[in-house]
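Residue numbers count from 1 along this sequence. All values derive from a computational prediction rather than experimental measurement. Heavy-atom basis, side chains included; hydrogens, waters and symmetry copies ignored.
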Amino acid sequence: MVLPKSRQRARSDSEKEARRDAILEAARRLIAKVGIDGMTMNALATEAGVSKGTLYIYFRSREELLLALFVDAMSVVVDIIEAEANADTLIEVMGRAPSEAPLFVPLLARLVAVIEANVPDASLFAEKRKMREMGQRVAAVIARVTGAPEQKAREASMALMLTMQGAAQFDISARRDLSSVPDDMRPMFEGQSFSRSFPAAARLILSGVTSDGAA
């Protein structure tokens with residue numbers, strides 16, 4: 001019996017990488033249908049057209065897969081920043097880029113407490129090294145376009161990442177159905193949306209980074 005191509009074992013490194021990418025793309029499609037919290041490995045195996053055993057060869061847990069999705073989304077954010085940020089657009093791009101990468105904000109909100117806490121150290125450290133390298137790339141952009149010293153740019157990059165995480169967590173509350181929220185509380189919930197809170201925070205952080213103190 002000849003198995004369908006999607007269910008045949010990938011043998012070469014390029015085949016394995018292609019299979020991994022296909023699984024991640026299937027996960028994005030599934031999440032678009034059922035949300036992050038509604039995604040299961042059983043449903044993902046069906047969506048990807050692979051056996052559950054094959055799925056666990058590439059990702060040993062749901063959280064390990066979500067971490068890989070986050071790192072991919074972070075790569076999109078960093079690519080946007082590198083391509084579009086200059087002295088005139090730095091603040092605008094920094095504030096906008098996180099919302100343009102699918103899944104970045106909702107996965108960031110779950111990153112530490114839900115995802116990283118349930119990933120084995122070996123996989124976690126491998127992905128964290130990629131995140132560190134991307135943070136260094138953002139720092140390099142900040143230093144290049146502002147003229148700030150490298151150390152100050154690295155500190156700003158770290159502050160931006162930590163601020164993004166806090167804003168992403170509050171964004172979960174902002175996305176609730178406001179019809180059940182008292183009128184006097186709605187502005188508070190609306191103001192917690194990532195698209196409102198993070199750009200304002202990014203402006204404050206970056207205004208202190210430039211060599212003349214104004215971004």
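- Between atom OG of residue S51 and atom OH of residue Y56 there is a gap of 11.5 Å, rounded to the nearest 0.5 Å.
- Residue pairs meeting the salt bridge (charged side-chain N to carboxylate O under 4.0 Å, His left out) criterion with at least one member in residues 185-194, sequence neighbours excluded, are D183-R186.
- Separating the CE atom in M164 from the CZ atom in F194 is a distance of 6.0 Å, to the nearest 0.5 Å.
- To the nearest 0.5 Å, atoms CG (D37) and CD1 (I31) are separated by 9.5 Å.
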> Given the rule in the salt bridge (charged side-chain N to carboxylate O under 4.0 Å, His left out) test, do E25 and R28 qualify, once you have shown the distances and angles that lead to the verdict?
Replying inline: CA-CA 5 Å; E25 185 56 35; R28 295 184 188 97; 3.1 Å; yes

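- Scanning for side-chain contact (heavy atoms from CB on, under 4.5 Å) contacts around E84 gives I80, V93, R96, with sequence neighbours left out.
- Qualifying side-chain hydrogen bond (donor to acceptor under 3.5 Å, both in side chains) partners for S123, counting only residues two or more places apart in sequence or in other chains: R60, E64.
- To the nearest 0.5 Å, the span separating CZ on F198 from CD on Q165 amounts to 12.0 Å.
- One N or O on the side chain of S157 and one on the backbone of G135 form a donor-acceptor pair closer than 3.5 Å.
- Ion pairing of E15 with R19 is absent here, as no side-chain N (NZ or NE/NH1/NH2) approaches a carboxylate O to less than 4.0 Å.
- Listed by chain and residue number, N86 satisfy the side-chain hydrogen bond (donor to acceptor under 3.5 Å, both in side chains) test with T89 (two or more places apart in sequence, or in another chain).
- For K130 (side chain) and D72 (main-chain N/O), no donor-acceptor pair under 3.5 Å exists by modelled atom type.
- One distance of note links CG of L67 with CE of M131; it measures 7.0 Å at 0.5 Å rounding.
- Atom CD of residue E47 and atom CG of residue L30 lie 5.5 Å apart, to the nearest 0.5 angstrom.
- N42 meets the side-chain hydrogen bond (donor to acceptor under 3.5 Å, both in side chains) test with K52; sequence neighbours excluded.
- The cluster map of Ile, Leu, Val, Met, Phe, Trp and Tyr, joined by side-chain heavy atoms under 4.5 Å apart, puts V138 and M158 in different clusters.
- The side-chain hydrogen bond (donor to acceptor under 3.5 Å, both in side chains) check on R176 picks up S180, with sequence neighbours excluded.
- At distances below 3.5 Å, not a single donor-acceptor pair connects side-chain atoms of R137 with backbone N or O atoms of E133.
- Remark: side-chain polar atoms of S207 are paired, donor with acceptor, to backbone N or O of R203 under 3.5 angstrom.
- Contact between A97 and I81 at its shortest, heavy atoms only, is CB-CG1, 4.0 Å.
- By the criterion of side-chain heavy atoms lying less than 4.5 angstrom apart, applied directly or through intervening Ile, Leu, Val, Met, Phe, Trp or Tyr residues, F125 is grouped together with L66 in one hydrophobic cluster.
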